[in-house]
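Take a look at the structure set out below.
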Amino acid sequence: MKVLLVLAHPEEKSFNGAMFEAAKEIFSRDGHEVKTSDLYRMGFDPVSDRRNFKSVKDPQYFKQQVEEGHATESGTFADDVEAELKKLEWCDLLILQFPLWWFSMPAIMKGWVDRVFAFKRVYGSGKWYDAGVFAGKKAMLSLTTGGGEAMYEPTGVNGDLHAILYPINHGMLRFVGFDVLPSFISWSPAHRSAEDRAAELERYKETLSQIDSLVPIKYPALTDFDEHFKLKVQVTK
Ligand SMILES: Cc1cc2nc3c(=O)[nH]c(=O)nc-3n(C[C@H](O)[C@H](O)[C@H](O)COP(=O)(O)OP(=O)(O)OC[C@H]3O[C@@H](n4cnc5c(N)ncnc54)[C@H](O)[C@@H]3O)c2cc1C
């Protein structure tokens, strides 16, 4: 399997950094091919604008999707975007590794999605969800939190973490076609003992070594929606 690991953490020696290294180790040990995008160490530019392109379709008015369509046809994405697109297209499994920041991913990783998930190349023209460009490929979030597990239960003070992750899992990964595996969540590593953290890394390695057995999150198929993209009502007695 070809695995792309994307890391967003400013500190290389962080627990997220350790999880990233653990994933590299376990996939390499198990004979998989691994590519990485360590966004901070790469100095990845997360700002999405004309710098995404070597070409200009409309010099008067910048509309990102118009320029993305043009760059797809003319092969004129900027070198840093093109390099990430190639890695994304290459992989069978994408893992996004990040600390939960403001109930989401760090801005550098959101910028990676904003710039790399390009119209016409990665989605569009009827290619979305289960008919998406990456249909048949898998993706997974691996993240850490500051808050503890109880805070992120449906009745917890922060609300259900799975609902918080829905915009990423469904709105980004599923949107472009990936089968989305259940997120690996390491709760509150900074507030746990060294032994607990070591055990968490082992739990992560164990999960990754059995990744083929993980069942993707169930989302409705496009055929479950009517002509207005509303879910068809299922009549049950
Ligand atoms: C801008 C911002 C927004 C945030 N928003 C939220 C939010 O919305 N919700 C929320 O819950 N939290 C939030 N947080 C907290 C954040 O999610 C946590 O601080 C983060 O997830 C902890 O992961 P880390 O990798 O940074 O841990 P670190 O603090 O880097 O690491 C924890 C400990 O693990 C140790 N460690 C490193 N490597 C290893 C190893 N190999 N083995 C064992 N131990 C190791 C480190 O030395 C450290 O002691 C936010 C933080 C910031 C900065």
Side-chain angles (χ1 to χ4, degrees), residues 3-30 32 34-48 84 93-116 139-175 180-211 214 217:
V3 185
L4 175 59
L5 306 172
V6 182
L7 170 65
H9 200 293
E11 172 55 61
E12 204 169 7
K13 297 189 291 296
S14 64
F15 195 70
N16 274 268
M19 294 181 78
F20 177 69
E21 290 301 323
K24 270 202 270 185
E25 180 196 318
I26 214 74
F27 285 124
S28 302
R29 184 203 70 183
D30 291 350
H32 302 295
V34 179
K35 290 189 181 182
T36 59
S37 292
D38 182 351
L39 300 177
Y40 277 95
R41 259 58 62 190
M42 290 160 63
F44 183 78
D45 179 356
V47 178
S48 194
E84 296 307 301
L93 169 66
L94 168 69
I95 296 185
L96 302 181
Q97 176 70 54
F98 60 95
L100 191 69
W101 279 10
W102 294 114
F103 283 33
S104 189
M105 50 176 48
I108 197 170
M109 184 173 269
K110 176 58 164 45
W112 182 83
V113 175
D114 288 345
R115 299 186 71 212
V116 177
M140 186 176 100
L141 306 183
S142 172
L143 64 142
T144 60
T145 63
E149 186 169 5
M151 293 180 194
Y152 285 102
E153 287 172 1
T155 54
V157 66
N158 291 335
D160 184 359
L161 186 61
H162 300 290
I164 290 168
L165 297 176
Y166 181 84
I168 305 175
N169 275 332
H170 185 261
M172 299 178 202
L173 300 176
R174 185 61 181 160
F175 189 86
V180 183
L181 301 179
S183 304
F184 186 93
I185 301 155
S186 193
W187 302 100
S188 199
H191 304 292
R192 297 174 73 172
S193 67
E195 292 73 29
D196 274 2
R197 287 196 293 265
E200 276 298 279
L201 289 175
E202 287 310 310
R203 184 172 73 90
Y204 185 45
K205 289 184 194 173
E206 186 64 23
T207 301
L208 296 184
S209 69
Q210 298 173 18
I211 199 137
L214 295 182
I217 300 170

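Note: hydrogens, waters and symmetry copies are ignored here, and every other heavy atom, side chains too, is used. Both ligands and their constituent atoms are indexed starting at 1 by order of listing.
The shortest heavy-atom distance from Glu11 to ligand 1 is not under 4.0 Å.
Using a distance-only test at 3.5 Å, with no hydrogens or angles considered, a donor-acceptor pair links the side chain of Thr145 to the main chain of Gly147.
Here is the list of ligand 1 atoms found below 4.0 Å of a heavy atom in Pro99: 20 (C), 21 (O). Annotation for ligand 1: atoms under 4.0 Å from non-hydrogen atoms of Ala18 are 38 (N), 39 (C), 40 (C), 41 (N). Each of the following atoms of ligand 1 lies closer than 4.0 Å to a heavy atom of Thr144: 17 (O), 20 (C), 21 (O), 22 (C), 23 (O). The contact set between ligand 1 and Phe103, taken as ligand atoms under 4.0 Å from a residue heavy atom, comprises 7 (C), 8 (O). Residue Lys13 approaches ligand 1 through these ligand atoms, each under 4.0 Å from one of its heavy atoms: 37 (C), 38 (N). In summary, the atoms of ligand 1 found under 4.0 Å from a heavy atom of His9, numbered by their order in the structure, are 24 (P), 25 (O), 26 (O). Those atoms of ligand 1 that come under 4.0 Å of a heavy atom in Ser14, given as number and element, are 25 (O), 30 (O), 37 (C), 38 (N). Every atom of ligand 1 with a heavy atom of Leu201 under 4.0 Å away is listed here by number and element: 40 (C), 41 (N), 42 (N).
You'll find the side chain of Tyr40 stays beyond 4.5 Å of the side chain of Leu7, heavy atoms only. Here the side chains of Phe27 and Leu93 are in contact, with some heavy-atom distance below 4.5 Å. No side-chain heavy atom of Asp114 sits less than 4.5 Å from a side-chain heavy atom of Pro46. Taking 4.5 Å as the limit, every side-chain heavy atom of Leu5 sits out of range of all side-chain heavy atoms of Gln97. For the pair Ile211/Met140, a side-chain contact is recorded, criterion being any heavy-atom separation below 4.5 Å from C-beta on. You'll find the side chain of Glu84 reaches within 4.5 Å of the side chain of Met42, heavy atoms only.
With atom 16 (C) of ligand 1 as the reference point, the heavy atom nearest to it among Leu161, Leu100, Asn16 is part of Leu100. For atom 11 (O) of ligand 1, the nearest non-hydrogen atom from the set Trp101, Trp102, Tyr152 comes from Tyr152.
The shortest contact between atom 44 (N) of ligand 1 and any protein heavy atom is with Arg197 NE, 3.1 Å. Looking from atom 32 (C) of ligand 1 to the surrounding protein, the closest heavy atom is Ala190 CA, 3.6 Å. Residue, atom and distance of the protein heavy atom nearest to atom 28 (P) of ligand 1 are Phe15 N, 3.9 Å. When hydrogens are left out, the protein atom nearest atom 19 (O) of ligand 1 is Gly146 CA, 4.7 Å; that is the closest non-hydrogen contact.
Atom CH2 of Trp112 and atom CZ of Phe98 lie 12.0 Å apart (nearest 0.5 Å). Separating the CZ atom in Arg115 from the CZ atom in Phe44 is a distance of 4.5 Å, to the nearest 0.5 Å.
Atom NZ of Lys24 has more than 12 neighbouring heavy atoms from other residues, nucleotides or ligands inside a 6.0 Å radius. Other residues, nucleotides and ligands place more than 12 heavy atoms under 6.0 Å from the NE2 atom of His32.
At a 4.0 Å heavy-atom cut-off, ligand 1 does not touch Leu143 at all.
Of the protein's heavy atoms, none falls inside 4.0 Å of atom 47 (O) of ligand 1. For atom 41 (N) of ligand 1, the nearest protein heavy atom lies under 4.0 Å away.
Checking only distances, Ala198 never comes within under 3.5 Å of ligand 1, N or O to N or O.
Note on Glu200 versus Arg203: salt bridge recorded, some NZ/NE/NH1/NH2 to OD/OE distance being below 4.0 Å.
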